[in-house]
Participant: 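Below is one structure. I have some questions about it.
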Amino acid sequence: MPVNRRAHHTDKFSSQDFIVRRGQPWEMIIVCNRSLESGDDLNFIVSTGPQPSESARTKAVFSVSGRSTGGWNAAVKANNNNNLIVAITSPASAPIGWYTMNIEISSQGRVSSQKLGTFILLFNPWLQADDVFMSNNAERQEYVEEDSGIIYVGSTNRIGMVGWNFGQFEEDILGISLTILDRSLNFRRDPVTDVARRNDPKYVCRVLSAMINANDDSGVISGNWSGNYAGGLDPRTWNGSVEILKNWKKSGYRPVQYGQCWVFAGTLNTVLRCLGVPSRVITNFNSAHDTDRNLSVDVYYDAMGNPLEKGSDSVWNFHVWNEGWFVRTDLGPSYNGWQVLDATPQERSQGVFQCGPASVNAIREGDVDKNFDMIFIFAEVNADRITWIYNSRNGNQKQNSLDTHSIGKYISTKAVGSNSRLDVTDKYKYPEGSSEERQVHQKALSKLKPNASFDPTSARDLAAEEGAPSISGRFKVIGALAVGKEVSLALMLKNLTSDRKTVTVNMTAWTIVYNGTLVHEVWKDSATISLDPDEEIQHPVKIAYSRYDGYLKADNMIRTTAICKVTDEAEVVVERDVILDNPSVILEVTEQARVRKPLIVQMLFSNPLDEPVRDCVLMVEGSGLLRGNLKIDVPALRPKEKSRIRFEILPTRSGIKQLVADFSCNKFPAIKAMLSIEVVE
């Protein structure tokens with residue numbers, strides 16, 4: 001009945017299945033072969049999962065006369081001749097998933113039973129008694145019903161964004177989301193317990209964080225940060241989760257190749273919203289990957305200025321995870337609200353690549369002893385960064401500097417109801433350098449190492465007092481940074497003393513993947529520079545396109561490093577990751593979009609290079625704008641040639657819908673575009 005769908009906010013699902021939310025009544029019409037008499041009793045039996053039982057609350061028996069087990073109930077709303085209208089209500093804590101419903105009619109000692117059908121029960125963020133209840137209507141609309149969004153990427157000095165098609169209401173996505181639960185390790189080991197625990201959002205979300213990555217359990221997406229994506233798709237080319245989830249099903253549930261953090265997070269977000277858990281995608285810039293649980297990450301260089309992949313710690317330019325909204329009955333009310341969930345396989349938790357839920361409030365307060373995976377997530381936003389210079393000749397390494405404030409910057413998510421960036425850093429930590437921030441750090445360390453005695457002049461404070469360097473350095477960008485153009489920077493060196501200084505500088509530039517994986521050295525240089533007292537000079541750094549062409553990954557990132565040495569002093573390490581801009585792809589429509597009326601979209605691209613580009617493909621998707629995705633082969637483009645491609649879409653739903661596109665070719669692996677289109681009835 002459409003009235004049920006509207007009342008339960010399940011009317012957006014394309015699926016024709018009967019979909020309702022827990023704790024809220026829904027009505028059905030039962031057509032009998034005679035009218036119901038006073039001595040007749042109707043019993044309903046609902047069950048979910050294999051071997052359902054009343055003790056596990058995966059089965060309930062209840063009657064219109066009021067008898068009930070497990071908190072389900074039925075009430076006769078109307079009885080007209082042979083038509084019976086019955087309202088059914090599940091408890092607000094019922095397990096979510098597929099249910100079967102049977103009816104038993106007892107009349108004068110005879111019992112006849114019949115299967116009525118199946119239905120899907122979802123979490124209910126509209127209901128106060130549900131663990132996922134969200135009171136604010138605008139937030140609920142964004143975090144449960146919005147089927148497209150924006151994910152922030154890039155670096156602290158260049159925050160970029162990509163559109164993402166969540167598509168949680170698209171055909172088959174709900175079915176696939178429930179299948180994910182049925183293919184988890186927990187279900188395979190003990191299906192009876194697993195299904196019974198699906199009443200609890202913390203449990204369901206933790207299982208999903210394990211299943212969205214392919215590690216351990218042949219989950220949805222296989223991760224790859226090598227820079228070589230042969231055998232699959234470059235992670236940057238995906239436009240959304242729908243194609244990924246459908247490909248997973250179509251291949252017989254073989255992991256989809258390949259994903260990186262925002263792909264895992266975008267896909268987990270789809271499944272969470274689909275099942276009724278309010279959720280959002282979060283980006284943390286300068287995200288620490290602390291592998292040894294000591295709240296610090298070690299970063300290594302050699303004397304020639306090469307970054308080294310030594311040790312297992314790393315700092316990612318950005319990392320993307322999710323937050324789900326629910327209560328923490330296990331921790332207490334002060335930990336309710338947003339919970340971090342991370343499906344990117346970084347570290348094992350209880351033997352499996354899964355992460356969360358971790359209360360954002362607990363992270364801010366340094367409560368690293370609380371469930372789940374708090375230490376790892378606390379470090380992602382709070383770790384100290386220690387720089388080491390490594391001598392490959394004798395294997396010696398010496399600590400060069402300790403930075404207490406560069407990790408965990410500009411923590412970002414899309415704002416409610418608009419495409420602007422909302423900064424949520426203050427939800428994760430107190431202001432950098434404040435007394436509260438210091439106290440929280442000490443509290444976290446004391447919980448990690450309860451027996452250590454804390455000297456107020458800890459490593460963090462001593463680092464600041466060690467011999468101050470006599471020079472400072474930074475990389476400054478000169479002119480535009482664009483793929484196909486020379487990268488022009490300047491190393492700015494300043495003498496901080498009133499004595500003359502001679503500086504030996506060793507510099508390198510490497511193309512990298514956003515998580516710091518080194519791809520290829522594309523430039524190096526050495527210089528000896530004299531600085532007068534208080535003098536600042538610019539030393540030019542120029543990297544020709546011919547040097548980095550062929551080694552630049554879709555991340556468009558180049559890491560420049562300078563090791564600056566004054567005799568008898570510690571080296572000064574200067575580093576900057578630069579991101580080169582792609583040429584733009586423009587999407588435009590020329591007429592008003594209407595439901596079920598074909599609409600022409602055009603894509604404009606002009607080749608900025610002095611050489612041809614070939615193997616060009618345009619991939620387009622957008623929930624409510626076209627079914628599935630559109631893949632268009634675009635003819636090769638001569639140097640500086642402009643291209644105009646027209647294609648047709650057919651909007652199916654009114655409202656503001658988002659079209660997302662990816663243009664890939666041999667010289668530009670993934671150029672992103674998006675267009676908001678207002679569709680009217």
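Residue numbers start at 1 and run along the sequence shown.
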Participant: Do the side-chain N and O atoms of H8 and N124 include a donor-acceptor pair separated by under 3.5 angstrom?
Facilitator: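 N124 and H8 do not have a side-chain donor-acceptor pair below 3.5 Å.
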Participant: Let me check something: any side-chain donor-acceptor pairs from residues 667-681 under 3.5 Å, sequence neighbours excluded? List them with distances.
Facilitator:
from	atom 1	to	atom 2	distance (Å)
K667	NZ	D549	OD1	3.3
K667	NZ	D549	OD2	3.0
K667	NZ	E611	OE1	3.4
K672	NZ	R236	O	2.7
K672	NZ	T237	O	3.3
K672	NZ	W238	O	3.0
K672	NZ	N239	OD1	3.4
K672	NZ	D662	OD1	3.0
E681	OE2	S654	OG	3.3

Participant: Is NZ or CZ of R280 both nearer than 6.0 Å to the six-membered ring centre of W338 and within 45° of the ring axis?
Facilitator: yes
Participant: Is it true that a side-chain atom of Q168 and a backbone atom of V144 form a donor plus acceptor pair closer than 3.5 Å?
Facilitator: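 Answer holds: yes.
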Participant: Looking at S412 and Y152, would you say the former's side chain and the latter's main chain have a donor-acceptor pair under 3.5 Å?
Facilitator: no
Participant: Salt bridge or not between K12 and E145? Use side-chain N to carboxylate O under 4.0 Å.
Facilitator: yes
Participant: According to the interplanar angle, ranging from 0 to 90°, do the rings of F119 and Y99 count as parallel (below 30°), tilted (30 to 60°) or perpendicular (above 60°)?
Facilitator: parallel
Participant: For a 4.5 angstrom cut-off between non-hydrogen side-chain atoms, does V340 reach Y428?
Facilitator: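 Result yes, sub-4.5 Å side-chain heavy-atom pair found.
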Participant: Checking K640 side chain against P608 main chain: does a donor-acceptor pair fall under 3.5 Å?
Facilitator: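 Yes; judged by distance alone, with no hydrogens or angles, the pair exists.
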Participant: How are the rings of Y551 and H520 set relative to one another: parallel (under 30°), tilted (30 to 60°) or perpendicular (over 60°)?
Facilitator: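 Taking H520 first and then Y551, their aromatic rings lie parallel (interplane angle under 30°).
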Participant: Applying ring pair (Phe, Tyr, Trp, His ring centres under 6.0 Å), name anything that partners F133, two or more places apart in sequence or on another chain.
Facilitator: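 F133 satisfies ring pair (Phe, Tyr, Trp, His ring centres under 6.0 Å) with no residue once adjacent residues are dropped.
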Participant: Per the salt bridge (Lys or Arg N to Asp or Glu O under 4.0 Å) rule, what does the pair list look like for residues 254-266, sequence neighbours excluded?
Facilitator: none
Participant: Answer yes or no: is there an ion pair linking E171 with K246, defined by an N-O contact shorter than 4.0 Å?
Facilitator: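 Here E171 does not pair with K246 in a salt bridge, since their nearest N and O are not under 4.0 Å apart.
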Participant: Describe, in one word, how the ring planes of W225 and F264 are oriented to each other, choosing from parallel (under 30°), tilted (30 to 60°) and perpendicular (over 60°).
Facilitator: parallel
Participant: If you look only at pairs with a residue in residues 206-218, which of them pass as a salt bridge (Lys or Arg N to Asp or Glu O under 4.0 Å), with sequence neighbours excluded?
Facilitator: R206-D373, D216-R348
Participant: For R6, enumerate each residue passing the side chain to side chain contact (heavy atoms under 4.5 Å, CB included) test, keeping only those at least two apart in sequence or located in another chain.
Facilitator: P2, V3, D11
Participant: Tell me the salt bridge (Lys or Arg N to Asp or Glu O under 4.0 Å) pairs involving residues 17-29, sequence neighbours left out?
Facilitator: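 Qualifying pairs: R22-D130.
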Participant: Give every residue pair that meets the salt bridge (Lys or Arg N to Asp or Glu O under 4.0 Å) criterion with at least one member in residues 628-638, sequence neighbours excluded.
Facilitator: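 Sorted pair list: R638-E641.
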Participant: Just by distance, no angles: are the side chains of W126 and H9 close enough, under 3.5 Å, to form a donor-acceptor pair?
Facilitator: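 Checked: W126/H9 side chains pair up, N/O donor to acceptor below 3.5 Å.
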Participant: Holding to side chain to side chain contact (heavy atoms under 4.5 Å, CB included), I want the full list of residues that pass it with P598, two or more places apart in sequence or in another chain.
Facilitator: E648, L650
Participant: Listed by chain and number, what are the side chain to side chain contact (heavy atoms under 4.5 Å, CB included) partners of T425, not counting sequence neighbours?
Facilitator: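 With neighbours one apart ignored, the set is I411, D423, K429.
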Participant: With sequence neighbours excluded, give me every side-chain hydrogen bond (donor to acceptor under 3.5 Å, both in side chains) pair touching residues 591-602.
Facilitator: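 Listed by first then second residue: E588-Q602, Q602-R646.
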Participant: With sequence neighbours left out, what residues match Y410 under ring pair (Phe, Tyr, Trp, His ring centres under 6.0 Å)?
Facilitator: none
Participant: Which of parallel (below 30°), tilted (30 to 60°) and perpendicular (above 60°) describes W316 and Y514?
Facilitator: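 W316 and Y514: perpendicular rings.
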Participant: Any donor-acceptor pair under 3.5 Å linking the side-chain atoms of N582 with those of N556?
Facilitator: yes
Participant: Could you tell me which residues satisfy side chain to side chain contact (heavy atoms under 4.5 Å, CB included) with T179, sequence neighbours excluded, listed by chain and number?
Facilitator: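 If we apply the side chain to side chain contact (heavy atoms under 4.5 Å, CB included) test to T179, skipping adjacent residues, the hits are R183, Y253.
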